[in-house]
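For reference, the structure discussed in these notes is given below.
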Amino acid sequence: MKYVSTRGAAPVLSFGEAMMTGLARDGGLYVPETVPVFSAEEIADLAGKSYEEIAFRIMRPFMGDTFSDDEFKGLIAKAYAGFGHAARAPLVQLGPNHFLLELFHGPTLAFKDFAMQLIGQMMQAALAKSGQRITIVGATSGDTGSAAIEAFRGLANVDVFILFPHGRVSDVQRRQMTTPSEDNVHALAVDGDFDDCQAQVKNMFNDFDFRDGVGLAGVNSINWARVLAQVVYYFSSAVSLGAPHRKVSFTVPTGNFGDIFAGYIARSMGLPIDQLVIATNQNDILHRALSTGEYRTNGVTPSISPSMDIQVSSNFERVLFDAYGRDGAAVAALMDELKTGGGFKISQGALQSLRAMFGSGRCSEDETRATIKSCYAATTEVLCPHSAVGVKVAEENLGAVPMITLATAHPAKFPDAVEQATGLRPGLPPRMADLFDRAERVTRVPNDLKALQALIRERRRS
Ligand SMILES: *Cc1c(COP(=O)(O)O)cnc(C)c1O
């Protein structure tokens, strides 16, 4: 299995290389050259299997010879052993034809753990073989950072630097990043928003001297290995509702487009998905793009679902690549326009194909709070604000096909918003009950590439 860049001008890589590389050297994102298709029998045969077994069968064809089968099975087992639920990704029923996929039972209480715990295991195993050292630099809107820190804290051959927007993450999210005491962990509070953090990480990757000098590795959702790990729960949940004999639909609270892109891959692999619905908060660039045909940024407005406060959805580039017939030069031109002019028009043909693949909807702040309240009243399920955005948009799209909404974080990560909506303050699970007693360690940094690079060069252990 080979991986190619969405901008068509970077080396073709193996799975292991694409995982360690993150962003392609032409600024693009790696995607598989071809997507393996599973037969109906192969999908049916996943029914009743453990999450780990399904993970092995779904991911194996993408991985080439990076790991042996036994080795990969061992990594999967370790990745999910720390989850607080035996099913890993349990389904809960909300209504007659509406289900919630709880993806928040991992160590940092958000769906990011599904990919990050596994990529942590895989990178560790790959580094042990090569004897290499790496510096992981990631941008976070709140949940990626803690998931990455949790996956890499204390490792001898890895330094982790996480950039988060100062003052724009919840207290629980911040404390999950600032309280680990290991000296390979560095939480950096940037004076800017998430898009600034993400842009600085991309700038560092595009500075080849710096990139090669510190052994830069990326674990943002631009990393293909993360997307791949997320494909698994689309299969596990769909199969438990009767796929491939019965179609299912998904609604996905969306920010950087990584999670829903994994659903798109699942469909390309043969999973019979009817609707794939993008749910956005008031930062609705994706919903506007699909509605109007114009992808245009207009500034991030902070919301009560901060992990979706994003205007430049990196992984959207991956579907654009397909929608433009895998024309890397065309994608590169669009991304150039985005960078210099703040947006671009999607061609008529590409727009048609995007609309055939995705539905979309937007949920306001008031609607988010109202949904947390009504869902609790109707079902006793307590939603986090991101999951509520998903449930609200899913409710507008319910039909004859079962709808699965992805619950992306645990309500206890956003206790203020949940308390305001329900009067109930969700408690942290016992394993992290002392989070507010631990000491914090954080460095405030300007939104400045040179300053960030100097700090990383100085702090990393070499
Ligand atoms: C990251 C995140 C999202 C958005 O996921 P993307 O893959 O960036 O689209 C939604 N909800 C929560 C809680 C998240 O942490």
Side-chain angles (χ1 to χ4, degrees), residues 29 100-116 119 138-150 162 164-165 168-170 172-174 176-177 194-195 197-198 201 219-231 233-234 250-266 276-281 283-287 300 303-319 358 360 363 368 372 383-394 405-415 417-418 426:
L29 280 66
L100 191 73
L101 183 58
E102 292 187 347
L103 299 175
F104 51 68
H105 296 285
T108 70
L109 309 181
F111 82 91
K112 305 287 197 304
D113 288 322
F114 277 89
M116 208 65 84
I119 201 175
T140 186
S141 55
D143 295 321
T144 295
S146 54
I149 289 169
E150 197 58 40
I162 298 298
F164 69 89
R168 298 215 183 172
V169 300
S170 80
V172 174
Q173 288 179 314
R174 189 192 66 249
Q176 285 182 329
M177 295 187 275
F194 171 74
D195 287 333
C197 297
Q198 180 163 255
V201 172
V219 294
N220 272 104
S221 57
I222 49 176
N223 192 308
W224 165 256
R226 268 191 62 192
V227 172
L228 178 60
Q230 293 170 188
V231 173
Y233 46 71
Y234 285 90
F250 287 93
T251 300
V252 187
T254 296
N256 221 356
F257 210 80
D259 208 4
I260 194 158
F261 183 72
Y264 167 83
I265 293 290
L276 201 47
V277 184
I278 301 164
T280 73
N281 66 19
N283 296 293
D284 59 352
I285 184 167
L286 290 164
H287 177 54
V300 174
S303 77
I304 57 171
S305 44
S307 306
M308 292 154 62
D309 290 346
I310 292 174
Q311 286 283 305
V312 180
S313 289
S314 290
N315 286 288
F316 193 56
E317 180 169 343
R318 288 184 156 121
V319 279
F358 298 101
S360 69
C363 178
T368 306
I372 296 174
L383 300 172
C384 90
H386 311 76
S387 310
V389 166
V391 165
K392 166 73 172 70
V393 172
T405 299
L406 274 51
T408 50
H410 192 287
K413 284 195 103 161
F414 308 92
V418 173

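All ligand and atom numbering here is 1-based and tracks the order in the structure.
Side chain to side chain, N315 and N256 fail the donor-acceptor criterion of an N or O pair below 3.5 Å. Judged purely by distance below 3.5 Å, without hydrogens or angles, the side chains of T140 and Q198 never pair a donor atom with an acceptor atom.
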Are any protein N/O atoms closer than 3.5 Å to the N/O atoms of ligand 1? If there are, list each pair with names and the distance to one decimal place.
unit_1   : atom_1 : unit_2 : atom_2 : d
ligand 1 : 7 (O)  : G258   : N      : 3.2
ligand 1 : 7 (O)  : D259   : N      : 2.9
ligand 1 : 8 (O)  : N256   : N      : 2.8
ligand 1 : 9 (O)  : G255   : N      : 2.8
ligand 1 : 9 (O)  : N256   : N      : 3.2
ligand 1 : 9 (O)  : F257   : N      : 3.0
ligand 1 : 11 (N) : T408   : OG1    : 2.8
ligand 1 : 15 (O) : K112   : NZ     : 2.6
ligand 1 : 15 (O) : D143   : OD2    : 2.4

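In this structure, F114 has its ring center closer than 6.0 angstrom to the ring center of Y233. A centroid separation of less than 6.0 Å is found between the aromatic rings of Y264 and F261.
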Margin query: Please evaluate residues H386 and S305 with respect to the criterion side chain to side chain donor-acceptor pair (under 3.5 Å), reporting the C-alpha separation (whole Å), side-chain torsions for both, the decisive distance (0.1 Å), and the verdict.
Written below: CA-CA 5 Å; H386 311 76; S305 44; 5.0 Å; no
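Partners of R168 according to the salt bridge (charged side-chain N to carboxylate O under 4.0 Å, His left out) rule, which considers only residues two or more places apart in sequence or in another chain, do not exist here.
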